[in-house]
Structures are given as C-alpha cells and as structure tokens.
Student: 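For reference, the structure I am asking about is given below.
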Amino acid sequence: MIYLMRHGADPVDRYGGWSEYGLTEVGRSQVNSAKHKLLGKGITGIYSSDLNLAKETAEIVADVLSLKITYLPQFREVNNGLLAGMKKVEAVEKYPGKYFRTLDWAETWPEGESPEQFFCRIKSAWYNFKKRLEAEMCYWSLMAE
C-alpha cells in the first residue's frame, strides 16, 4: 500500500512550484493534525520531494512514525522557473496570463518546464519509484527466508 500526502499550506501571496518557502503556521497545523491518521498503517518508509514544503511535511510525519526520509528530487512540483516564490502581484505585472492552466502543453514557464515536460518527468519518476519499491520488497522477502 502506498499512501500519498500533499504538503501543508504554503504562503498564499506567493507562487509555489520550486519556491524555497516552507510551510505556514496553518500548513504546520494541517500536517500535525493529519500525521496521527498514519499511525498503525504499517508504513515502513517515507519518500519526499526535496523542496522545503515537502521536506518540512515529511519531517513532521517522520517524527511521529519514527522513520527516516528518503528525498527524491524527481518528485518535485512543476518547475515554474522565474515565478517560483515570486509574489503573485509581481508575477501578474511581469508575466500576465501565465498560469499553469493557461499554458499550452509544450509551453514552458519562463526558465521552467512545460506541462508536457512535467508530466513526462513525473510519469518516469513514478515508474522508477514503483520498480525501486518492488526490488526492495523482493530483497526483504529474500532476507526473511
């Protein structure tokens, strides 16, 4: 079983993506409320993007589950290039109409990636992640015999 957990809330006045900003107080509260729901689920590992929002979320969960975290940069959010961490009011002035939902499939964020590139990266990352987990499960199964 694989459980997916989204990071907690981030600053609402800034673009996320590859931003260096972490969780807000609301975000930390959200994760602290959710972490207890993962107890008793038999979770044996935590895998996280290496971006601050995801790292901070994973650290809160890892603490309650007493597990180590494996960081996987290939699971980062969309690379929104120059807009990462930028105040939204500034982005509207500098890059009017640039929103993920308005980008064409192959159109990139300024110095970032396109929806197509993001899709391909995540698809490949998910495929490789599942192969990795299958290999780890086989290894532990053999070690138990």
Side-chain angles (χ1 to χ4, degrees), residues 1-92 95 98-103 105-145:
M1 177 70 67
I2 297 174
Y3 294 92
L4 299 177
M5 182 176 188
R6 188 179 191 280
H7 60 72
D10 58 342
V12 296
D13 64 332
R14 295 185 176 274
Y15 270 91
W18 286 21
S19 165
E20 292 299 318
Y21 288 92
L23 297 174
T24 62
E25 286 302 318
V26 169
R28 279 188 280 285
S29 177
Q30 290 168 332
V31 179
N32 278 304
S33 293
K35 70 183 181 184
H36 299 290
K37 295 176 184 175
L38 299 172
L39 289 168
K41 301 283 186 190
I43 296 172
T44 58
I46 296 176
Y47 300 87
S48 172
S49 158
D50 63 345
L51 292 173
N52 286 339
L53 287 170
K55 284 171 66 172
E56 194 173 349
T57 299
E59 289 165 1
I60 293 168
V61 172
D63 185 54
V64 76
L65 297 178
S66 300
L67 293 171
K68 73 177 190 117
I69 305 165
T70 302
Y71 294 103
L72 303 170
Q74 61 270 32
F75 279 119
R76 285 181 166 202
E77 292 187 37
V78 66
N79 179 357
N80 56 349
L82 297 176
L83 283 85
M86 184 181 287
K87 286 192 174 261
K88 290 180 180 177
V89 294
E90 180 184 352
V92 168
Y95 306 101
K98 284 285 186 193
Y99 304 99
F100 189 79
R101 69 181 182 280
T102 64
L103 293 175
W105 185 239
E107 182 183 3
T108 61
W109 286 100
E111 296 186 27
E113 65 188 343
S114 69
E116 179 182 27
Q117 291 167 327
F118 175 64
F119 172 80
C120 291
R121 176 171 57 84
I122 294 300
K123 181 180 173 185
S124 175
W126 184 250
Y127 174 78
N128 290 327
F129 178 68
K130 287 184 357 181
K131 281 178 47 178
R132 174 184 178 158
L133 290 182
E134 288 168 3
E136 287 177 10
M137 287 180 3
C138 288
Y139 173 78
W140 292 113
S141 177
L142 288 172
M143 294 298 289
E145 292 178 359

Student: Is the backbone of E25 close enough, under 3.5 Å, to the side chain of S29 for a donor and an acceptor to pair up by distance?
Tutor: no
Student: Is there side-chain contact between D10 and L23, with heavy atoms separated by less than 4.5 Å?
Tutor: no
Student: Say whether, by atom type as modelled, one donor and one acceptor occur between the side chain of T57 and the main chain of L53 under 3.5 angstrom.
Tutor: yes
Student: Is any side-chain heavy atom of L38 less than 4.5 Å from a side-chain heavy atom of M5?
Tutor: yes
Student: Mind checking the OH-CD spacing from Y95 to E90? Nearest 0.5 Å is all I need.
Tutor: 8.5 Å
Student: Does Q30 use its side chain to pair, donor to acceptor, with the backbone of A9 at less than 3.5 Å?
Tutor: yes
Student: Take E59 and K55 through the salt bridge (Lys or Arg N to Asp or Glu O under 4.0 Å) test and state the conclusion after the steps.
Tutor: CA-CA 6 Å; E59 289 165 1; K55 284 171 66 172; 5.5 Å; no
Student: Between atom OG of S66 and atom CD1 of I46, what is the distance when rounded to the nearest 0.5 Å?
Tutor: 9.5 Å
Student: Are the side chain of W18 and the backbone of E77 linked by a donor-acceptor contact shorter than 3.5 Å?
Tutor: yes
Student: Under 3.5 Å, side chain of D13 to main-chain N/O of K87, donor-acceptor pair present?
Tutor: no
Student: Report, as yes or no, whether the 6.0 Å neighbourhood of atom NZ on K88 holds more than 12 heavy atoms from other residues, nucleotides or ligands.
Tutor: yes
Student: Quick one: does E113's side chain have a donor or acceptor within less than 3.5 Å of a partner on N79's backbone?
Tutor: yes
Student: Aromatic rings F75 and F129: how do their planes relate, parallel, tilted or perpendicular, breaks at 30° and 60°?
Tutor: perpendicular
